[in-house]
Each structure stands twice: as structure tokens, then as C-alpha cells.
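This is a predicted model, so every value here is computed, not measured. Here is the naming used below: chain letters follow the sequence lines, and residue numbers restart at 1 for every chain.
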Amino acid sequence: MREGTTSSSRASATAVVGSVDPCLSIEDLEVAIGGDTQVRDVSFNVASGSIHCLVGDSGSGKTLTSLAAVGLLPSGARTSGVVRIHGVDDNLLGVDERTWSSIRGRRVGYVGQNALGCLHPAFRVEQQLIEAMRRHRPLSRSEARSHVLDELAAVDLPHPERVARAYPAELSGGMCQRVAIAIALVNRPSVLIADEPTTSLDADTQERILELIRARVSRDRLGVLLITHDRTVVDDVADRVTTIVDGVASTAAPGRLVSTRVAARKAQGEPADSAETAVLEIRDVGKSYRARGWRRRADVPVLRDVTISADPRTTIGLVGRSGAGKTTLAQIVAGMLTPTAGSVHIAGRPITGPGRVDRNERADLVQYVFQDPFGSLNPRRTPLAQVAEPLIAAGRSGDEAEGRARRLLHDVGLDDGQITRVPTALSGGQCQRVGIARALIRRPQVVVLDEPVSALDWSIRDEIMAILAEQQVETSALYLLISHERALIERESDRIFEVVDGVVRPV
Amino acid sequence: MRCHDCSARRSVSDEGPDLMRAWLVDRWLALVPVTVVVTFLVWWWFTHDPNAIDLGNRFARPSFDTPLGTDELGRDLLTRIIAGAFITIGAATIALIATAIIGTLLGTLAAWRGGSAGTALMLATDSIVAVPEIVVALIAVSILGTNLTALMVAVIAAGWLPFARLSFEIVGRLMASDYVVAAQMTGVGPGRLITYTLLPNAARPLIAHAFLRFPGKLLLLSGLSFLGLGPQPPTAEWGAMLARGVDELERHPWVPLMPGLAIVVTGYAAASVGRRIEQPIIQRPTN
Amino acid sequence: MLLAFSFFAFLLPEFQGVDQARATLYARSEEAVPDQETLDAISEELGLDDPLLQRYGRYLGDVVTGDFGDSTISRTPVAPQVWRATVVSGTIVGLAIGLAVAIASVLGVVAAANENRWPDRVITAFSRVLVAVPIHVLTPLLVYVVALRLGLVPTSGWGTAKHLVLPVTALAIGPIALFSQVVRSEMLDTLEQPYIRTALAKGLRRRRVVWLHATRVSLVGVLTLGSLFVAGLLGGAVIAEVILGIPGLGRLLHDAVKASDVPMFQAGLLVAVTVGILVGLLSDALSRLLSPPERER
Amino acid sequence: GGSEGDDAASDASDSASEAASESASSSSSSSESSSAEEDDHSDDEEHDDEDGHDHDDEEKDHEHDDEDEHEDEEHRDEDEHSDDEGAATAAADSGEPSILRVGLQFGPDSGLAIESDDASVLVKAGVVEGLVRSAASGQPVPALAESWERIDDITWEFVLRSGVTFHDGSAFDAGAVETALAYITNVASPPRSLGGLALSTEIVDDLTVRVITSDPDPILPLRLSSRSMGILAPAAYDSTPPDAWGTGPFAITDFTPADSLTVERFDAYWGDVAQLDGAVFRFLPDAGSRAAAIRADEIDVADGIALADLDAVGEDPDIELIRFSLPRTASLYANTAEGSLADPAVRQAVSLAIDQVALADGLLEGQFAPAFGYFGTENAWAPQSDPDPADAIEQAAALVEQIDPDDRSIQLWTYGSRPELADIATVAQAQLQAVGFDVSLEVGEYGPLEERTFNNEHDLFLLSRGYYFDMADAAAVFTSDFTCEGGYNLNRYCNEAFDAIVAEMSGAITPEDRQALFGQAAQLLADEYVGVPLVHDRARYAARTDVQGLVIDPFELTLLTSQVSLG
Ligand SMILES: Nc1ncnc2c1ncn2[C@@H]1O[C@H](COP(=O)(O)OP(=O)(O)OP(=O)(O)O)[C@@H](O)[C@H]1O
Ligand SMILES: Nc1ncnc2c1ncn2[C@@H]1O[C@H](COP(=O)(O)OP(=O)(O)OP(=O)(O)O)[C@@H](O)[C@H]1O
Ligand SMILES: [Mg+2]
Ligand SMILES: [Mg+2]
């Protein structure tokens, strides 16, 4: 299991092959799509009974590497190098589709990147499992069916009978992910490749999925290639780690890969004077959605009797399970949603209800930073123009607006070249910086941050949080920070509330 | 997974100018024959009269003097096709632009207002969609008489629906998108929102849709001509020429063939441009 | 909605600026001398002397009792004629849509499964050209080749199954070309979905994945698209029915507008709109039934 | 008029003696039939012309411009006739019903109403008959009436045929005639052949009826021969429109609007029982479809073969073409009341500028005849102007020179429902422009154009119009189209001298007297250039060669008769 830090040299790569019991080995893998080489000199071995993590920035080539290992690269891709799987002699990079289809599912299981999307939406869970079983084993339909419940139970799914009959859309994200793992492991392959199996799941679920994988590793001597960008995951489960930077891999034992840089926040960040009046007052807010459907038209309550009041220059953390109502509350605070009960005031001005402030005044009171950095920027305008726009809406001259926008964008860490490009040419982190600048330029009293870093790489999360902290010092804004990551909230917030079953209570 | 989206998006728009350049470099040689042909057509156009009748030379086969042959009145088909290009493409284009503008305005308005106004508009379009285009056009022509203007009004009357639906969908989707919400959150008013945010983002699929609709417009024009509702003789409109020439399909096949080819080629070209603009997915044409 | 259409149909001669009595005389007896006496007599027969709204009210009253009135031209009840024409056109259009959806699905799937290889190129090229071929060229061509030269089916008329071949083919070819492109692009879309990758990762054969997993999702769209085309095809049917001498609804509407036969036009329009709306509802229900259950948002 | 003796059709063996009135055009010999064959030789010219053309096309049209040959042919027809009977019997023996399949351009759209144009289908299908029938010569001959007599200016007495039954089984008698004529007189849109005349009846006895006209009418029997004057069973008139229960050799069994009409032999027919078991008339509005259908042997007879299809249809050895002149002229109706065309010199210039021969032979491929008068050459009385002189163009140009330049720009209108009109108008436009006119062409819908014409808004209106309203007498068209009060006066022409001539016609009884007056009237119109006739239409039927005994008269009244059979 000893591996050197991989360089691009062939000699060291060859040394890797000699390691004990590799169930998946990749040597000098190179993948090119449309003339651009996306993955270069990637070599590593995955040993049976271990979890091998593949980490790296978004777009660095993790997914392509894993796809090369199951022969599912997009049709235009060209490859060189060697991919071997335990039990098959050939270099799999050369074999035809027929051979591959007999290997996939039997020797190597694959779990895709998107938990919700990787199950066929129109087939029941049991159909999808049975199909996988019968492909590689001579089972009749009813024989296969008899195994279904065991397989589902083996991935810790509660109520396997119900899940078997369900369509994927009737399952939560975590359940989908378990089913996907069950399908991948149903024929007892020796290798499991899982591409970000826990992203977009809440912390609890994440934990339990990883436990499940770990259990199968020790039980079945399964070799797992686990792709992730979540540092905590690596810390928790990895036996070995390979880091891909711009398509080039380096492997090491787990450890602190990048020193954690905790944001230097609150230099002068004293909690506000008690004399200061509460800037945000949420009183008895309730919200229910009208359920759509032809059968029942009952109201579905999402939030009940939410009361929070908070002072400027503080950060309020909001945690809760997926679907608990965090975004709903945030949108009510921002005036984007009308509550069914209660009221919201910012700096004494009503945000909701009759007599509420107009659009322009509201923009000075509260702003919103969205979870999706790409989706929240107009793809056809430069960041500079988009950040200047709120000032122009506030009646400032074009020149003044642009000057201030430019300065703020510099402050959040963007250079002139980046801010005059269309946003489609920016990375997620850069886009989120633009989004933050846009929210802050009018110096609002309250800024709602709805999962501002969830979609970003772990390497830039801290930077973004640091920028937010700096800006809070500048503007004395109140932050309402939403995240499903407990650790992040705990670190960043002054007060924490948890949303459980529509009820908000302080932690 | 998000980064997949973004990289895909990036490649599309970034490669735009490069693609264009590569395309031009690749094909500049092809420009030479194209220029020659265009020059020849222009010269031919200036030296011939599309309405010159020669009863002694009816149904002449394609030959050196009459490259595409002559029609039932001995008129030169090449000249008439060139003349028809202005009329047919012009009429179809104007009609299309008008349908696009009317449809887009209504659809955008409905999506913008949302609620019952939107539902009402869509209900109306849903039931108007049930009336065949040709019948709508038939009514319009019977009200306004058979001339090119009436025909265009007819085509417009029949054609704005798909645009209304499409723009309703697109703008509706945009209105719910984070960046439109964000713009509204930052205090941007309707005027600037429409000009800087909604239109630039809705334009592309709408323009693509317009190009994809182009062949349909040509066919509708021609179909109306066939029913005797089109522009009247001696107008050298392709649809009318084709409709009139269909009788000769067996005797003098080139008479319908030439305008027919002109329609097919133009329709094909327009649709190809539309697909190029649209790139990823064909919008479902809502008829 | 239907009311609005019927009122519009009622006003049509006003819009057209047509003297309905003269138009009726012309339709009944083309070159008859239109002297005032005759025109007055016809006006009286058609009850044109009453105010417009009164006439419309009377019409509505009749419709409520299931009486769609008599044709002003033939003075026979329009209902059975419209019904017969609807059955005829319904058969043709229904078959054409069905055929188009079926064939286009196969072609589109084949094209998508062979993206950028020759089957795809051939199918795509053909469909792009055929989209631009008007039905009044296609129909005589089919008559000439299939009926006259090959003698496989009758050249025109209505009655037997063989008579269906030409109109259905003529009407189906355009939609086949269009739908196959839609199916192709939807298939390409679907084939990129993660669950297709999952299916392949299970070791399933590509053929099964394409023809079962991908089509299950991609073909829902074309089914509903097909129903949206019913009205479009009814328009095409006007031309095909004229050329092939078929007594269908398209032709009936066409003739009724040209002859200012208001009751006939009203009834035909009402049927067309009702059918269109019903088909729309049906296709909504169908697509809700067929499309994979969606996650609530 | 007067009794013409026994009816020809009542007895097949008599048919030879009636040859003069029976211009039979059997498709087996594919002869050209013309209304003026027996007594008019002035149409030799036309025949030569046509034949010349036909030889070019290698068609098998026979020449028969003289009576002897005609007689021969009749005899031959008769021979064939007996053969046919054998064939028919054979067919009957083999159990295969003999059904004639006909494709017609114009289907009935008025619910088979007897007073409407639909009557033409009823007559063609051999369903309906009138009291009188029009012979090929244009003269009235007995049908349901055996003889008639003019009792005074306004009263005619008809002796009816006995033993005639309607298709509904009721008997034909004086009462039936009374019911029929009362309906046709009082219906909202009376047939054009009635010309505004009101008829009333007086029953003398079961088989004798008097018809009283509201005004003196010398040609009542002729009027009663027109298609809309068919007599239906009294019970038929209980519904609106009347059910088509006639007395003809065929009875209707099925009718689908816009599709087909099916008839079967009526065994109780008073004359020769039909040879065919029945017939199907299919309504195929598209000319190409009719041609394709007859070529594919889906129909046996088709009308209105388009120019574009003539070659292909004619080349088929199993199909023969039947062509003959129709009493129909496409002409430019000029606004003689207002605008530049009110000046006869301008109309003369138009007349000179138009080259009718180029239109007929060039554009219309010789399938139309150039018109040198409103009335075709088969009408002996009709004046024919000289063909344009060689320097017509120069003369016209010279005339145009003298016209005020403002008056040189004229509008030319026509409508699209007859396909040849738009082409003719296009060529006419070019010909007028060649002599210096500035012509704008408008092709629209007939209805609105007619209305604008009646408002004197037109200059020239190109119209195709029949000049006999279903009967060989021109008085009606002169009255409606050219008198000051005429209901169809598209030329907006008003001339007292002309009106006087027309007024005289109601007093003229003998054909000779009438034709003299027609000639005068037509001459006056020609002298004043009231409109410019362009071409005369011709009927173009096609029939498969196994159809025997087909008779199509120049008024296109009959098609299916007892004598038709399938060989
Ligand atoms: N089908 C494709 N066509 C073209 N380029 C692609 C394709 N798939 C991936 N790429 C490119 O290859 C590079 C590596 O992509 P890959 O999906 O392996 O990244 P990743 O490391 O998995 O990122 P993430 O963490 O976002 O999943 C990216 O730059 C991407 O743009
Ligand atoms: N427009 C809507 N119509 C009906 N129900 C809705 C609507 N929007 C949200 N909901 C429901 O309200 C509940 C709360 O949703 P919300 O988006 O606030 O959750 P969240 O806490 O932000 O979850 P996540 O962490 O997944 O973003 C969910 O159960 C959701 O299904
Ligand atoms: Mg990835
Ligand atoms: Mg949320």
C-alpha cells in the first residue's frame, strides 16, 4: 500500500503497480475531449478493503477519471494509459463495448454524481434492481424479486417493501443514494466507484451513507474509489487520497492537505450595543403552501409562529434539515414571499403586509445572496454592470455607480479583467463574489445568505466567508446565514436557530 | 455537477467567435463560386424582365437562354425566381417579424403580469390553436381580399400564437430565475429589467424559433396560393408559382420544380440557421 | 371560448363585407341574374332582415336545443354533414398523427442512437428537406407515383381502407419529418442524463438502454406534440381533401367560408375548436399519465 | 315551336328517323358534336381549325361536318347499340352489375335543389326530366309532354305523356306539373332560364295542362327544356329543398355531399329501360385528380379535363376525348358608363390591341376558340367581326396616342375561380401595355368585384359567362346583360336603340325572326365595342373506350341516358 507522491515520471508510476491486492489500478491515464487534454498522467491503485479518495477542484478531471475506469466516457473522448480491474486481464482502455458491458455491474459498480438524477425516473426501484441482477446472473424474474428486499435492507433502507414499489421521485435524496449504491453492489463487484455520493445531502444523511459504504468495505473487502470535494469526508473515511490538480494527480495518505485557514473575523466585531434597537423583527410569522393536485387541496404548513429579533452587525445562523423551511423563512425576510401570518420589520419599516415598503426602499433594507452562484447572475451582462445596476436603480449617475461597483468588486477579490467578462466565463467562486458585491453595494441593513458556499469547492469556501466577514465590518449589516452544515454555522454565527418541523427555536 | 453546466455553457459562448473565424477560414474558398453565382444572378436580374411574356416560347426546357426554363406564359423562370426571392422571402420575413413581435409582446405581457391575465391569454391561445392555420388565413383573406398585404395579415393572424406561447414560457421561466429575482431585489425597475435582463436572455431562443418557423411560413404562403388566396398574377411569388405549376408536374416538371426547390432550399437554410442559433435543444414547436 | 368563436363566425359576413343574400344566390346558381326581387326573397328566406343580435340570440337558442341550423346554401341541416365530415377528417388526421408519431419515434431514436453516423445523417437530411415540402406538391406527386404509375391504391375518393393510404401518407410525411427531429433531440438530451449512465454502469446492453430506458422518457414529448398538431393537420387536410376529392371537415370549412355559409361554418368551427380543446386536455392527461412521476418542489 | 311528332327515345328503332335532332356523340367513335351540325355549314372553318390541331396531337377525332357522314355514324351507333344489348345481357348473366363511374368537376352543394345549379347533376344523371327536351339543334322536342300548342299570347297547352311514373311510385299527371311549376315560380331564387317570368297553370284534364305566362313569351317550350324546369313528384316538394324524385331512367339511391351521388336503373321508366344497372357520380373538384382517376380506370367518364392533362389523357389508348364548343365566352366587360372606357374609341383601341388568336392558340393551346363576337360561330345568325388586321397593333397604338394620357391607365379585374382567366388577364395586360395603355391587374374574389362593377368602379372586368341560359335562345342574355335595366349589366351599357330591339324579341315567334333580331342586337354591340370578347370555351370530356352510347349535348345537359352501356 505504499505509494510515493506521484509525479509525472513513468518510473514512479510503475512502482505503484506492485502494491498488494489492487482491485483497480490506473496508470498514466490521459483523457482528451475535443482536442483538449483534460486528464493527464493520472496513476493510482485502489486496494481491496479500502477507501481511496479522489479530491480536487471542480473541473479538475475527477469525474472523467472515474468514467474512464468504467468505460463510460463521452463519445468524443480519446484515452491513453492503462486501466485494470481485478479479475480481468486486459487493459480495459482498449476493449469493446460488449466486453465492457459484461464487466460493468459485475466487476465494478458505479454510483453517479447526482443522487436524484441517477435513478431512472419512470421505473420502480425494484424494476431497476431486478434488471441489474438478471443482467449478470441467471435468475428468473421472481427469483430476482425475492432478493430485492434483502438488497434494500442491506443498504439500511427503512421499509424496504415500500421503497421497492416506489418511483425514485417518491424518495428523498438520501434514499435515492442508498438505492443507487444497492444497485451498484447488487452483483458483488470488487470495486465501487462513487462520484460525490454525499454532495447535496444534509449532514445526517451524509454521515449515514458514508457509514454504509464503510460497512460494505470491511464486510465484503470492497475497494472503493470515492470522489469528493468535501474535506470532512476525506478526514472521516479515506485510507488513501489522490489529489488532482488541473488533471494531474498526486496521491498521499490522508491528512491535512491544505492548512485550514479560519477566517479572521470580528477584529472589532463586538456584538452590537444593547442600546441599539433591533434591526430585524420577525413576529409570529407563519407560512403554508397550497398543495397542488387534483385530489386534495389542503394547505401544507411549512413555518409556524416564527419570532426572531436581532441587532445590527450580528450573524444569525439558521440550520435545519433539507426541506425544513429555511429558504422559505429567508425569502419572507427578504420580502420575496408573503407570509400567511405574522409580520417582518426591518429598521422599523414593514417588509410584509399592507403598507409595506416599495421596491426601491426595500432594496436599501434587505438584500439576498443566492445559493446558486451561476444562476443568480444575468449571463448576458458583465459583473461590473450588474453590480452597478442597483446604484443606478437608486438614482445614482452611471459614472458614480460604476466607480463604486468597481471598488467593491476589487474588495471582494476580483480584478478588472474578470469583472468585464460575461459571467459564463467565471468560476463558481468568482460568481459568488459578484453576487455578494451586488447584495452589498446598496449597504442594506440585512443581508440574507442562503447557503452562500454550499455549491463551492471547499478550497474557496473559507475565502468567501472571510470576505463576507470583512464586509460585515464595513457595512454593519445583519447577516441571516443559512446552511445545512452545522460546523460552518457554528463557526460563523453569533446566534443559531434550528428549524425543525416548521418551528424555529434557538440552539 | 454545477461545474458541468458551467463548463458546457462556457464552451458554447466562448467558442462563438472562434467558430466563426474557423468557419470563414475553412470556407473562404467556397466564397469564390458563391460570389460568381451571385454576380451572375444580379446581372441576369438586371437584364431580364420577370413578367415578359413570350407565348411563342411556352414551357421551354431549361437551356442556355433560359437556364431554368420558362413557364406557361413563356416567362423566364430564373428571372421570376430571383424576383420572387424578394417578394417571397420579403413577405415571409416581414410576416414572421410581425408575428414574432406581436406574439412576444403578448406572451411577455402575460408572463409579466402572471396570474389570471397569463392564464386567460394561454387559454385563448390554446383554443385558437385548435383552429387550423389555413382556416384562420382563409378568414383573413376573405375579409381583406386576395393580395399580398392581406396574405401577410393572414399569415400574421395565424402565426403569432406559437410565439406568444414560447415567450410566455421563456419569460415565465426567466421571471422565476434567481437573477431576475436578484435584479428586482436590488431595486431595478421594469424598464431596465426588460431591456437589460429579460430581452437579452429571451432573444436567443425566440430568434432561433423564428428561423425554425420560416419554412412553415413559406409553406403557408404557398398553400394559400394553391387555394387561390395568394398574391395574384403576375406576381412572381414562389408559392404562387409553385401552386400554379403543380398542374404541369407531369408535362413540364421543371415549372413547379424550380420554385419548389427555391422554397425547400430557403426553408432548409433558414431552419439550419435557426438550429445553429438555438444550439442545444430544438424547442418544441407549438403549433 | 366556444361562444366567442361562434359569435365571430356569425359576424364573418359583416367583416367580409359580403352581401349574404347575393353570396347565397351565387352559390346556388352561379350566373343567375342578381335582381333585387330575388335578393329580397333570399334575405327573407334566410331571415336576414332581423337585427344581427336578434338573429344571433335565435341561433344560440337553437344550438342549446341541439339544433345547429340549416345550411344557407343547401337548406339542409348542417349537423349531420358536419358530423360526417368530422368522422372522415378525424380518421385521416388521427391515422396520420398516429403514423407520424410511430414512424418518427423509430427514426428519431435510430438517428440519436447513431449520432453523426450515416443513419443519423440520412434521416436528418431527409427530414430537414421534407419539412419544407408543401402538401400540395406532395399530394399530386404521391397520386402520380403511388396511384397512377404503381397502381397500388385509388387516385382519389373515399370509402375503403385503400382510399386512406394517400391522404394519410400525404398528411403524415411533414409531421414525420418534424417529429423525428424532435425525438432525435430529446433522445440526445435523455442519453446525457445520469440515469442512462447508471443503466450502462449496471452492465446493460446499449440497445436495451436506448430502446427501453431512453425512449421511455423521450417519447412522452412527441406524443403530446402529436396532439398539438391535430389542428395543423386539419389545415393540411383542406388541401389534401380538395386534391383527393375527400368529403372532410377541412374542405367543408373552406367551402363554407368561400360561400359565406354561416351556419355550416359555425358548426364546423365549433367542432374543430371543441375537438382541438378536447385533444389538448386529453394530451395533457396522457402526458401526466406517461411522464415519470415528478419530485414535488 | 309546335309538336315535333313522336319522341325519338320512346322507341329505339325510331332513333334513325330522329337523327336530325339527335346529335349523338358516341365515345366509341369519339366524334365532335356541335349544336349547329345539321343546318349550319359556316362552322366548317372551325372544324378545320380544330382538326388541324387535333391531327397535330394525333387524336382520333373524326371529321363529320356533313350530314351524310353523320347519318352513317348514326347507323353505326345503332349497330353497336344492339351489340351492346348483347353485352349488357352477358354482363347481367355473369352477375356483375354494370355501373358507370363518372367524375364531375362541380358537385351539388345546394342539397340537390331543382332550382339551383345542382339541377345540372340531376339531369346529367338521368334522374330528372322536363316537359320538353332541347334537341342538339337547340329546338324543343317532346319529353314528358307529347305535344303543345300556343293558345294565345300568354297561354300554352301541353298534352302530357301517359303511363309515366315518378321514382316514388306516384303517377305523372297535370297535377304534378302544376305543383312543379308553382314551386319553381315562387322559389326564392328562381332559375335563370325563367328570366323573371311567372308561370301559372290551369288543369284541363288529367293529361292536359295549360301554362299561363305573366308576360307574352314566344319561347316557353324552350324555357321548359332547361335543366331546372324538371318535374318532380308532388310529394317531393314537401321538403326543402325538394327531394329529387324525378321520372328519368335512373333513380337516386345515395347522395353524400362533396363526395358522390349513386343512381340505379329505374325499371318503371316510361321509355327504354336503361342498359346500365346504375352509375356513380363522384365529385372531384381537382382537375388533376379527375385526369388521374380516369387514367387509373377508376372512373369511366370525366369532365373538365385541364389543358395540362390533355396530352397524358389523350395518349391513353383506352381513353378518348370528347370536345365541343360551349355557348360560353370569356370577354372583357368594359365600363361604358364612366371612366376612360366610356369612350368607344378607347374600347376600339382595346379591341385592336387584343390578339384573340394568340390567346386561344398560344396560351390556351387551341383548346379554346378565338372569339370575334359574343356568340360563337356555331350560331349562324351571330355576326363575326373580321380578325384583326395585320397592322392592328399600330392602329391601336395610334388610337391610344390620341387618348388623354390620364385616361390611358386602366384597371383590369378578374377572379380566380376559373383557372384560365388569370392567365388570359395576364396576357391581355401585356398586350394592352404593348400599345401604350398603362394597365394594373387585380385578381380577386368574384363577389366583391361584381359589387364594385355594379357601382361603376371598374374599367375592364374579365369574366367568363354563358350566353345561353340553358336554352338556345339569346333573348335572355341580351335582356339581363345589355339593356339599361338589365340585372347583370356589367358593361353598364344603356342604349335606347338596343333596348328597342330587345323589346321586339318578345313578339318574335319563329326562330328565323328571333335570330334576325339577335343578329341585329349583336351587331349593334359589336359596332359600339361594348366589351371585347376574347375566347369561346370548349367542353373537354374524356371517356374510356368501353363506354357506349354516350351522348353529351352542347348545353352539357345530358350525360347518362338509357342508351349508355359498358362494352
Ligand atoms: N462531455 C464533455 N465534453 C467536453 N468537456 C468535458 C466533458 N466532460 C467534462 N469536460 C471537461 O473536462 C474537465 C474535467 O471535468 P470533470 O467532470 O472530470 O471535473 P470534476 O473534477 O469531476 O469536477 P466537479 O467537481 O465539478 O464534478 C472540465 O474542464 C470539463 O469542462
Ligand atoms: N412553491 C412551493 N409550493 C409548495 N411547497 C413548497 C414550495 N416551496 C417550498 N415548499 C415546501 O416547503 C418546505 C420548505 O421548503 P424550503 O425551500 O424552505 O426548505 P429548505 O429548508 O430551504 O431546504 P433546503 O435545505 O433543501 O434548501 C419543503 O417541504 C418544500 O417542499
Ligand atoms: Mg465531477
Ligand atoms: Mg433551501
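- Heavy atoms from other residues, nucleotides or ligands lying under 6.0 Å from CZ of C:R84 number more than 12.
- You'll find the side chain of C:Y195 stays beyond 4.5 Å of the side chain of A:Q128, heavy atoms only.
- For a residue to count as touching a neighbouring chain, one of its non-hydrogen atoms must lie under 4.5 Å from one of that chain's; by this rule A:I183 touches chain C with the side chain only.
- Counting heavy atoms from C-beta outward, C:K202 and A:N187 have side chains that stay 4.5 Å or more apart.
- Between the OG1 atom of A:T63 and the CZ atom of C:R197 there is a distance of 7.5 Å, given to the nearest 0.5 Å.
- Side-chain contact check for A:E131 versus C:L212: some heavy-atom pair is nearer than 4.5 Å.
- A donor-acceptor distance shorter than 3.5 angstrom exists from the side chain of C:T198 to the backbone of A:C118, with no hydrogens or angles considered.
- With a 4.5 angstrom heavy-atom cutoff, A:L67 touches chain C only via side-chain atoms.
- For A:V108, the part lying under 4.5 angstrom from a heavy atom of chain C is the backbone only.
- The number of heavy atoms from other shown groups lying within 6.0 Å of CZ (A:R141) does not exceed 12.
- The main-chain N or O of C:H213 is found under 3.5 Å from a side-chain atom of A:H120 such that the two form a donor-acceptor pair.
- Side chain of A:R135 to backbone of C:G203: a donor-acceptor contact under 3.5 angstrom is found.
- Proximity of C:R205 to A:E97: side-chain heavy atoms (C-beta onward) are nowhere separated by under 4.5 Å.
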